[in-house]
Chemist: 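Quick one: this structure, given as structure tokens, is what I'll be asking you about.
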Protein chains: 2
Amino acid sequence: MDKKVSGSVINRLPRYYRHLTDLCSSGTERISSKELSERMGVTASQIRQDLNCFGGFGQQGYGYNVEMLRTEIANILGLNRGYTAVLVGAGHMGRTFATNTKFESRGFKLIGIFDSSPEVIGTEVSDFTVMDYADIKEFIDENHPKMAILTVPKEAMKAVAEDLISMGIKAFMNFSYTELAETEGIIVENVHLSDSLMRLSYKISECENKEKLDKE
Amino acid sequence: MDKKVSGSVINRLPRYYRHLTDLCSSGTERISSKELSERMGVTASQIRQDLNCFGGFGQQGYGYNVEMLRTEIANILGLNRGYTAVLVGAGHMGRTFATNTKFESRGFKLIGIFDSSPEVIGTEVSDFTVMDYADIKEFIDENHPKMAILTVPKEAMKAVAEDLISMGIKAFMNFSYTELAETEGIIVENVHLSDSLMRLSYKISECENKEKLDKE
DNA sequence: TAGATTGTTAATCGATTAACAATC
DNA sequence: TAGATTGTTAATCGATTAACAATC
């Protein structure tokens, strides 16, 4: 029925959700695509086009009900599903992500944290006791987590990913510098913080070059 | 002279850099756009188009020299500039980012870490002693950092950003859930980890829906 | 009813891909 | 020289914007 929704639209959905959440908590009841577009710095046309990929959530002459639209987007994103997740690698990044992330309101439920280093196994991370990676197969066979968060060193990433794929995990969030390729049937979201840093570096250089040119 | 390079091209540059770094360390000397395209899962055409925004780095009949191309991209990204950076907010995320990030090879040099909480001020984070945020103006006036990394709670983000802008900071990397708008003359790179999580949630739901349909 | 704003179609713009002459 | 592969132009494709009839 629905034709495939483009990647650009999907990438914008979390941003809509974020802005609608803000509007909700500031008590706004209704908003027009025009008002929202001004807040977000996009065109009203784009907002209407994007939303209409999923259905007609607005009302002519009125606009959109903020709370209703927020709920619709949450459903589209699957934020109500509570997919189970395990986190592998309880180093700095793993501990931070496990501690800071509101999994429940982002579509997931964290159910276990694993590491292979003896100094880390058994330590506490935000309500969890870090388990031995050697026991992960048993855990997966029992609990069937939907997703794995990989916060392991980049040298280990590929082996761990293959390992987990062989145990039936089909979705990954990968924080390591090396990227995990999206192969058949496997869903991957790569997070590369250093890419963001490099993009920022580019923008600063570009800006400096422009200033230099302006002076001439 | 150069016309404006599109955002899509810039977004891909760090990925090229990453792959070229891998090729370098595996000792590969030359690569054709075709080979690289297969490794990266993009078209050879796109690679050639992208690179030619910045110059002709290849040689007909030969391809590209890996090391030379990597250096060129590093220069384009400004990774050799060592822009000075301060980090504000030494909570979990701040400490992790300060510790895990290879600033030197990503265009930056971290020169100071700040926080406003008395329990955190004075503690050590990877070679740095956390300084009192109350003293940041003095520090900025003296050292003129180019960029600030914001790892503060979302409630504090906007006030801190305005504060720092008034002290002359023009570029930000923002980790807080609330986004920092790109206003005139201010460069911003927003990193929203929960957006990535939501995108992954979408992809998993989409995939499940498809499976369900296939069964019918 | 009159005004506002949607949903949707059509027009425009930009990005990606294909093709090929230039040339190492 | 012959083969390979670039740089670049032209063709295609997709995404964004504009416009407007439908309708609350």
Side-chain angles (χ1 to χ4, degrees), chain A residues 1-16 19-20 23 28-73 76 182 199 202 206, chain B residues 1-16 19-20 23 28-73 76 182 199 202 206:
Chain A
M1 195 178 73
D2 303 1
K3 59 171 167 295
K4 176 96 178 133
V5 177
S6 87
S8 341
V9 176
I10 295 160
N11 286 338
R12 284 192 290 267
L13 287 178
R15 187 145 183 265
Y16 289 132
H19 280 266
L20 288 165
L23 283 164
T28 314
E29 239 180 55
R30 61 164 284 275
I31 196 158
S32 68
S33 57
K34 182 146 180 295
E35 287 171 288
L36 188 57
S37 75
E38 280 157 10
R39 271 184 157 258
M40 296 184 59
V42 298
T43 64
S45 231
Q46 181 167 73
I47 293 177
R48 294 205 300 277
Q49 284 275 25
D50 283 358
L51 296 178
N52 280 89
C53 293
F54 304 100
F57 304 128
Q59 204 168 23
Q60 281 99 328
Y62 172 84
Y64 300 86
N65 177 286
V66 174
E67 205 169 313
M68 183 268 224
L69 184 58
R70 176 172 179 270
T71 308
E72 290 289 356
I73 293 181
I76 294 162
E182 239 176 276
R199 276 191 269 271
Y202 176 87
E206 190 197 26
Chain B
M1 193 180 76
D2 303 359
K3 60 171 167 294
K4 175 95 179 136
V5 178
S6 87
S8 342
V9 175
I10 295 160
N11 286 338
R12 283 192 289 266
L13 287 177
R15 186 145 184 266
Y16 289 131
H19 280 265
L20 288 165
L23 283 164
T28 313
E29 238 179 58
R30 61 164 285 274
I31 195 158
S32 68
S33 57
K34 182 145 180 297
E35 287 172 287
L36 188 57
S37 76
E38 280 157 9
R39 270 182 156 260
M40 294 186 60
V42 298
T43 63
S45 233
Q46 182 166 74
I47 293 176
R48 294 205 299 277
Q49 284 276 24
D50 283 358
L51 296 178
N52 280 90
C53 293
F54 304 100
F57 304 127
Q59 204 167 23
Q60 280 99 330
Y62 171 85
Y64 300 87
N65 177 287
V66 173
E67 205 169 313
M68 184 270 223
L69 185 57
R70 176 171 179 271
T71 308
E72 291 288 355
I73 293 182
I76 293 163
E182 237 174 278
R199 275 190 269 271
Y202 176 88
E206 189 196 26

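Throughout, a chain's letter reflects where its sequence line sits, starting with A, and its residues are numbered from 1.
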Chemist: Contact class for S45(B) (heavy atom, under 4.0 Å): base, sugar-phosphate, or nothing?
Modeler: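 Base, at least one base atom sits under 4.0 Å.
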Chemist: What is the distance, to the nearest angstrom, from the CG atom on N65(A) to the P atom on dT6(C)?
Modeler: 13 Å
Chemist: Atom CG of N11(A) to atom P of dG14(D): distance rounded to whole Å?
Modeler: 17 Å
Chemist: CD of E67(A): more than 12 outside heavy atoms within 6.0 angstrom?
Modeler: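 No - once you tally the heavy atoms of other residues, nucleotides and ligands closer than 6.0 Å, there are 12 at most.
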Chemist: Please report, rounded to the nearest Å, how far the C1' atom of dA4(D) is from the CD1 atom of I31(B).
Modeler: 15 Å
Chemist: Does dT8(D) have a Watson-Crick or wobble mate here (both distances under 3.5 Å), and if so which one?
Modeler: dA19(C)
Chemist: Distance check needed: dG3(C) C1' versus Q59(A) CD, whole Å only.
Modeler: 15 Å
Chemist: With side-chain contact (heavy atoms from CB on, under 4.5 Å) as the criterion, how do V42(B) and R12(B) come out once you've worked through the C-alpha distance, each side chain's angles and the decisive distance to 0.1 Å?
Modeler: CA-CA 11 Å; V42(B) 298; R12(B) 283 192 289 266; 5.5 Å; no
Chemist: For atom CD of E29(B), decide whether the heavy atoms of other residues, nucleotides or ligands shown that lie under 6.0 angstrom number more than 12.
Modeler: no
Chemist: Tell me which of V42(A) and G61(A) sits closer to the 5' end of DNA chain D, going by the nucleotide each one is nearest to.
Modeler: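 The residue closer to the strand's 5' end, by nearest nucleotide, is V42(A).
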Chemist: Look at the side chain of Q49(A) and decide which nucleotide, out of dA15(D), dT5(C), dA10(C), has an atom nearest to it.
Modeler: dA10(C)
Chemist: May I ask you to evaluate whether Y64(A) reaches the phosphate of dA4(C), defined as a side-chain N or O under 4.0 Å from OP1 or OP2?
Modeler: no
Chemist: Using OP1 and OP2 only, check whether a side-chain N or O of R48(A) sits under 4.0 Å from dG7(C).
Modeler: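 Answer is no, no contact under 4.0 Å.
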Chemist: Strictly below 4.0 Å, N to O, side chains only: are E35(A) and R39(A) in salt-bridge contact?
Modeler: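 No salt bridge links E35(A) with R39(A).
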Chemist: Starting at CD1 of I47(A) and ending at P of dA18(D), how long is that distance when rounded to a whole Å?
Modeler: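 Answer to the nearest Å: 14 Å.
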Chemist: In whole Å, what is the span from the CG atom of L36(B) to the P atom of dG7(D)?
Modeler: 13 Å
Chemist: With a 4.0 Å limit, can you tell me whether Q46(B) has a side-chain N or O closer than that to the phosphate oxygens OP1/OP2 of dT16(C)?
Modeler: yes
Chemist: Does dA15(D) have its OP1 or OP2 closer than 4.0 Å to a side-chain nitrogen or oxygen of R12(A)?
Modeler: no
Chemist: Using the closest heavy atom to pick a nucleotide of DNA chain D for each, name whichever of S6(A) or N52(B) lands nearer the 5' end.
Modeler: N52(B)
Chemist: So, is T43(B) near the phosphate of dT17(C), with a side-chain N or O under 4.0 Å from OP1 or OP2?
Modeler: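 Affirmative; the distance criterion is met.
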Chemist: How close or far is atom P of dT8(C) from atom CG of L51(A), stated in whole angstroms?
Modeler: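 Whole-Å distance recorded here is 12 Å.
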Chemist: Any ion pair linking K4(A) and E206(B) (charged N to carboxylate O, less than 4.0 Å)?
Modeler: yes
Chemist: If only side-chain N and O atoms of S33(B) are considered, is one of them under 4.0 Å from the OP1 or OP2 phosphate oxygen of dT6(D)?
Modeler: yes
Chemist: Could you tell me the separation between the CD atom of Q60(B) and the C1' atom of dG3(D), rounded to a whole number of Å?
Modeler: 13 Å
